[in-house]
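Below you'll find the structure, written out as structure tokens, and then a few comments.
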Amino acid sequence: MVDISSSSGNFGHKMAWVESTAGTSVTHEPSEDADYSDESKDGTDVQTDEPFLNDETRQPLSRKIPVSSSMINPYRMVIILRLVVLVFFFYYRIENPVRDAYSLWLVAVACEIWFGLSWILDQLPKWNPVIRVTYCDRLTMRYNRRLGGPSQLAGVDIVVTLSDPLKEPPIVTANTVLSILASDYPADKISCYVSDDGASMLTFESLRGASEFARIWVPFCKKYHIEPRAPEWYFSEKVDYLKDKTHRSFVKDRRTMKREYEEFKVRMNSLVAKARRVPDQGWVMQDGTPWPGNNANDHPGMIQVFLGHHNEGNRLPRLVYISREKRPGFQHHGKAGSMNAAVRVSGILTNGLFVLNLDYNHYINNSKALQEAMCFLMDPNYAESLCFVQFPLRYNATDKDTDRYADHNKAFFNINLRGLDGVQGPIYMGSGCVFNRRAIYGYEAPVKGTDERRPEILMKDKMENTHRRHRDMGHTSPEVESRMKLKLEEWYGQSYIFIDSTFLQEEDGMSRFISPESLLKEAIQVISCGYEDNTRWGHEIGWIYGSGSEAFMTGLKMHIRGWRSIYCTPKLAAFKVSAPTNLSDRLDQVLGWAEGSIQILLSRHCPVWCNPCGRLKWLQRLAYINFTVYPLTGILLATYCTLPAVCLFTGNSIFPQIGMVASILFTGLFMSIITTNVLEMRWSGTSIDEWWRNEQFWVIGSVSSHLFAIILGLLKALTCINVRRLHSASSGDYHHGNEEAPDVYVFRWTSLLIPPTTLLMVNLIGIIAGISSFASSGRQGWGVLFCKMFFASWVIVHLYPFLRGLMSRQKNRIPTIVVVWSLLLASIFSLLWVRVNPFTTRVTGPNSEQCGINC
């Protein structure tokens with residue numbers, strides 16, 4: 001057991017190892033949702049005859065399944081046909097300007113050309129989508145063949161990052177940690193590192209409580225093979241928990257465990273309530289020692305090992321608390337710096353061959369998730385060139401029936417990332433990703449078909465080869481050793497223990513030669529705030545600095561070095577994350593992603609010009625360019641969505657008089673768009689409702705979050721000031737239960753709601769103005785009026801959630817301040833167009849006063 005009174009002085013190099021409990025191995029019960037045709041149903045400990053065993057161990061651990069030709073060939077033909085139609089369409093649009101509203105026509109054509117280029121950037125990387133299937137039973141037989149013996153599976157270091165426990169509830173973090181500790185993976189092969197950037201005593205105490213609760217929770221999970229293994233989600237599931245359970249004691253043990261968890265939650269809630277009232281002198285530990293992290297921006301580095309490997313009782317994975325040193329005047333680089341510090345600590349203490357990173361609310365939903373990743377990372381067919389395995393980000397839906405705000409974003413995860421998997425692999429999504437440690441350390445991928453590296457290989461590879469050559473020869477000159485150390489210090493910093501760990505290809509390598517006390521002392525050194533100075537950390541190795549989207553740049557760097565990634569989509573989602581509960585929080589989430597893309601676009605890391613001589617495939621580069629420039633669509637889409645209202649106000653049109661040729665082009669373009677989407681939904685398994693929600697939210701996010709992201713990104717690029725975010729999620733903004741969130745339809749105040757509400761009102765006013773103008777003057781035919789109203793209705797349908805918010809009552813209404821601002825802007829816009837009408841070509845002529853009324 002870990003007691004805060006006994007561990008209060010165990011920070012830094014004085015820390016002592018806290019050993020874990022020992023226990024017996026368990027048999028894995030396959031997930032009830034898993035349904036792989038070639039997978040064994042007997043569990044992890046497979047008992048079979050030796051000839052069959054030998055045959056199975058020679059089988060591949062995974063299989064790549066291309067989309068069937070009956071689905072993909074028509075899809076590709078339609079893409080080509082759509083490209084041809086698009087070329088003729090733009091030729092027609094350019095050759096047939098609208099003379100009486102030339103400026104209006106020019107703006108419309110510019111927007112349409114950008115939409116066409118964006119579609120090409122998005123479509124081409126989806127040319128060769130693939131689907132992968134894993135065989136975890138084969139992995140087990142290959143690396144756990146001797147029952148009862150030590151496992152040969154590779155070690156995995158899991159890093160959980162968090163910064164503010166008052167905004168990131170400790171109970172959520174505790175659930176994530178508990179799901180990690182209960183994973184169906186050998187306990188001595190897992191180490192969980194919680195990197196606390198807020199240096200909070202609340203987080204420390206929460207982890208201490210979680211480590212105590214893990215001693216009863218982990219054995220319960222492995223005894224009864226329950227899913228998921230995050231207690232909050234397990235106990236809140238509305239399923240038949242007795243299905244396939246045969247142990248007579250299960251009901252009694254489950255009832256006892258649920259009571260224990262409720263008591264654990266009460267303790268967590270009391271800690272949170274206590275943490276809101278900070279004493280004047282700061283927090284004090286039980287022995288009277290001040291908490292080292294009372295000042296979150298000025299404190300020493302801290303490391304506490306809560307669970308180890310060889311204590312009495314049940315075997316548990318290692319659990320380590322980390323808080324890197326922070327001092328005024330140093331750049332700490334947010335989450336990227338926190339991840340780099342945790343990777344260095346894990347390299348010294350456990351040195352797992354692979355690293356999984358998770359956000360605080362991203363729990364393991366499938367206990368075999370790590371085995372799924374190992375089916376690729378430990379497969380000889382992929383191991384040498386694979387940098388990471390990315391899992392889809394699956395959300396716990398707050399609106400179970402409709403997924404109103406496209407939290408799941410299945411069109412992206414089921415279509416775009418599967419398409420990239422057929423090129424060079426999916427992009428790194430920031431969480432739910434298992435890395436090859438060598439790729440993190442800046443190694444280049446080997447050139448396919450050869451044992452040699454490229455001439456522009458990183459210095460790290462050269463130093464490793466030199467180190468091995470001299471070591472094999474049995475001598476190393478002092479001059480060579482000195483030069484090697486200087487070069488390696490330029491890359492990795494002045495920790496020789498950490499540098500040595502980068503050469504080892506087996507976990508726990510350094511602990512065999514150095515005492516635990518010395519390792520902890522060295523681990524404190526590598527999380528000091530000045531350790532990365534004059535090194536390549538954050539520039540060439542580790543998580544890359546310089547943008548709010550560190551994940552994007554980190555994955556881009558790895559792909560440029562020739563590595564490839566793999567997209568793993570098990571039937572039972574590997575990880576799940578708490579979703580935003582309302583539209584305001586969802587828009588704020590999208591704002592953060594788009595702002596990071598704009599920062600990359602304006603930096604030297606932009607994929608348009610970043611390392612053109614690298615090993616990034618051209619289709620992969622197009623995908624990265626698309627993920628960088630997509631927020632720019634917000635300006636053009638917002639402009640295009642106002643054009644229907646402008647046409648209704650002024651009586652002008654963005655199209656010339658439509659003849660037979662134009663009718664054929666428009667019909668062909670619309671049919672190709674519809675057919676492309678239908679075929680995509682067919683081969684990806686995306687429903688039409690999921691596709692429509694994604695399209696609807698694409699419009700909403702583009703005309704709100706993307707617009708603000710462009711403004712904030714430009715301000716930061718021009719002024720070097722990181723403008724404060726418009727809206728931040730508080731601890732209550734995320735839904736943690738399994739029921740529908742109570743405020744899913746609530747509009748909370750944020751400036752992001754103003755642009756789409758304004759667009760909605762402008763188009764509604766435009767329709768009224770168009771009908772009134774036709775009724776009073778009849779200047780245009782019903783056909784022309786119908787076309788204009790159709791496009792205005794297209795905008796209104798995509799902004800339907802805001803229309804519903806305007807018409808709702810009580811708490812589900814759009815905030816009054818948003819309505820007032822939107823109505824004011826819409827009125828000004830409408831009156832301005834009626835009065836000024838700048839897109840109408842004005843013909844100058846003689847003054848009527850000079851030539852009379854009959855002039």
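Between the side chains of Ser495 and Arg344, no donor-acceptor pair of N or O atoms lies under 3.5 Å. In this model, a donor atom of one side chain and an acceptor atom of the other lie less than 3.5 Å apart for Asn340 and Tyr545. Side-chain polar atoms of Glu372 and Thr134 form a donor-acceptor pair below 3.5 angstrom.
Side-chain contact between Pro317 and Leu319 is absent, with no heavy atoms from C-beta onward closer than 4.5 Å. Looking at heavy atoms from C-beta onward, Ile180 lies in side-chain contact with Leu358 at the 4.5 angstrom threshold. Using a 4.5 Å heavy-atom threshold, the side chains of Ile560 and Cys610 count as touching. Lys222 is listed as a side-chain neighbour of Arg229, based on a closest heavy-atom distance under 4.5 Å. Under the 4.5 Å side-chain criterion, counting only non-hydrogen atoms from C-beta, Val177 is in contact with Leu207. Using a 4.5 Å heavy-atom threshold, the side chains of Leu488 and Thr502 count as separate. Leu178 has its side chain out of reach of Val218: every pair of non-hydrogen atoms, C-beta onward, lies at least 4.5 Å apart. In this structure the side chain of Phe213 reaches within 4.5 angstrom of the side chain of Pro231, judged on heavy atoms.
Scored by the side chain to side chain donor-acceptor pair (under 3.5 Å) test, Ser528 finds no partners at all (sequence neighbours excluded). Residues passing the salt bridge (Lys or Arg N to Asp or Glu O under 4.0 Å) test with Lys326, sequence neighbours excluded: Asp197. Under the side-chain contact (heavy atoms from CB on, under 4.5 Å) criterion, Ala551 pairs with Tyr428, not counting sequence neighbours.
The shortest heavy-atom contact between Tyr441 and Val343 is CE2-CG1, 4.0 Å. For the residue pair Asp359 and Thr176, the shortest heavy atom distance occurs at O-CG2, 4.0 Å. For the pair Ala210 and Phe264, the tightest heavy-atom approach, listed with the atom from each and the gap, is N-CE1, 3.8 Å. Among all heavy-atom pairs drawn from Lys557 and Glu540, the shortest one is NZ-OE2, 4.0 Å. Taking both residues in full, the closest heavy atoms of Ala373 and Val389 are given as O-CG2, 4.2 Å, listed atom of the first, atom of the second, then distance. The nearest pair of heavy atoms linking Ala383 to Asn436 is O-ND2, 3.9 Å.
Within the 3.5 Å criterion, the main-chain N or O of Ala199 finds a donor-acceptor partner in the side chain of Trp291. Not a single donor-acceptor pair under 3.5 Å links the side chain of Ser338 to the backbone N or O of Gly334. Checking side-chain atoms of Ser179 against main-chain N and O of Ala230 turns up no donor-acceptor pair under 3.5 Å. Between the side chain of Ser191 and the main chain of Arg318, no donor-acceptor pair closer than 3.5 Å is present. The backbone N or O of Met429 lies less than 3.5 Å from a partner atom in the side chain of Gln390, making a donor-acceptor pair. For the pair Thr535 (side chain) and Tyr492 (backbone), a donor-acceptor distance under 3.5 Å is absent. No donor-acceptor pair closer than 3.5 Å links the side chain of Tyr321 to the backbone N or O of Arg208. Remark: side-chain polar atoms of Asn361 are not paired, donor with acceptor, to backbone N or O of Val172 under 3.5 angstrom. Under the 3.5 Å distance criterion, the side-chain polar atoms of Gln525 are matched with a main-chain donor or acceptor of Gln494. Between the side chain of Asn294 and the main chain of Trp283, a donor-acceptor pair closer than 3.5 Å is present.
Within the model, atoms CE of Met553 and CD of Gln599 stand 8.5 Å from one another, a figure rounded to the nearest 0.5 Å. A distance of 10.0 Å separates CD1 in Ile427 from CG in Leu556, rounded to the nearest 0.5 Å. Taking CD of Gln424 as the reference point, atom CE of Met558 lies at 12.5 Å (rounded to 0.5 Å). Here the OG atom belonging to Ser183 is positioned 8.5 Å from the CG atom belonging to Leu356, to the nearest 0.5 angstrom. One finds the CD atom of Glu205 at 9.5 Å from the OG atom of Ser200 (value rounded to the nearest 0.5 Å). The line from CG of Asp196 to CZ of Arg324 is 10.5 Å long, rounded to the nearest 0.5 Å.
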TODO: Go through Ser195 and Met339 one step at a time and tell me if the side-chain contact (heavy atoms from CB on, under 4.5 Å) criterion holds.
DONE: CA-CA 7 Å; Ser195 184; Met339 282 298 307; over 6 Å; no

TODO: Show your reasoning for whether side-chain contact (heavy atoms from CB on, under 4.5 Å) applies to Met268 and Leu271.
DONE: CA-CA 5 Å; Met268 292 294 103; Leu271 287 175; 3.7 Å; yes

Task: From CA spacing to verdict: side-chain contact (heavy atoms from CB on, under 4.5 Å), Ile527, Glu325 - done: CA-CA 6 Å; Ile527 60 173; Glu325 182 186 16; 5.6 Å; no

Open item on the list: What verdict does the side-chain contact (heavy atoms from CB on, under 4.5 Å) test give for Thr173 and Thr203, after you've listed the backbone C-alpha separation in whole Å, the side-chain angles of each residue and the deciding distance to 0.1 Å?
Closed with: CA-CA 9 Å; Thr173 305; Thr203 301; 5.5 Å; no

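Partner of Phe435 under the ring-ring contact (aromatic ring centres under 6.0 Å, His included) criterion, out of Trp543, Phe354, Tyr443: Trp543 alone. Among Val434, Val355, Leu370, the one residue that satisfies the side-chain contact (heavy atoms from CB on, under 4.5 Å) test with Ile158 is Leu370.
In this pair, Trp217 and Phe220 present their aromatic rings tilted. The plane angle is within the 30 to 60° band. Taking the six-membered ring where the residue is Trp, Phe391 and Phe575 present perpendicular rings, their angle passing 60° and hence far from 30°.
Summarising the local packing, CD of Gln331 is surrounded by 12 or fewer heavy atoms from other residues, nucleotides or ligands at distances under 6.0 Å. The environment of Glu489 atom CD is dense: over 12 non-hydrogen atoms of other residues, nucleotides or ligands sit within 6.0 angstrom.
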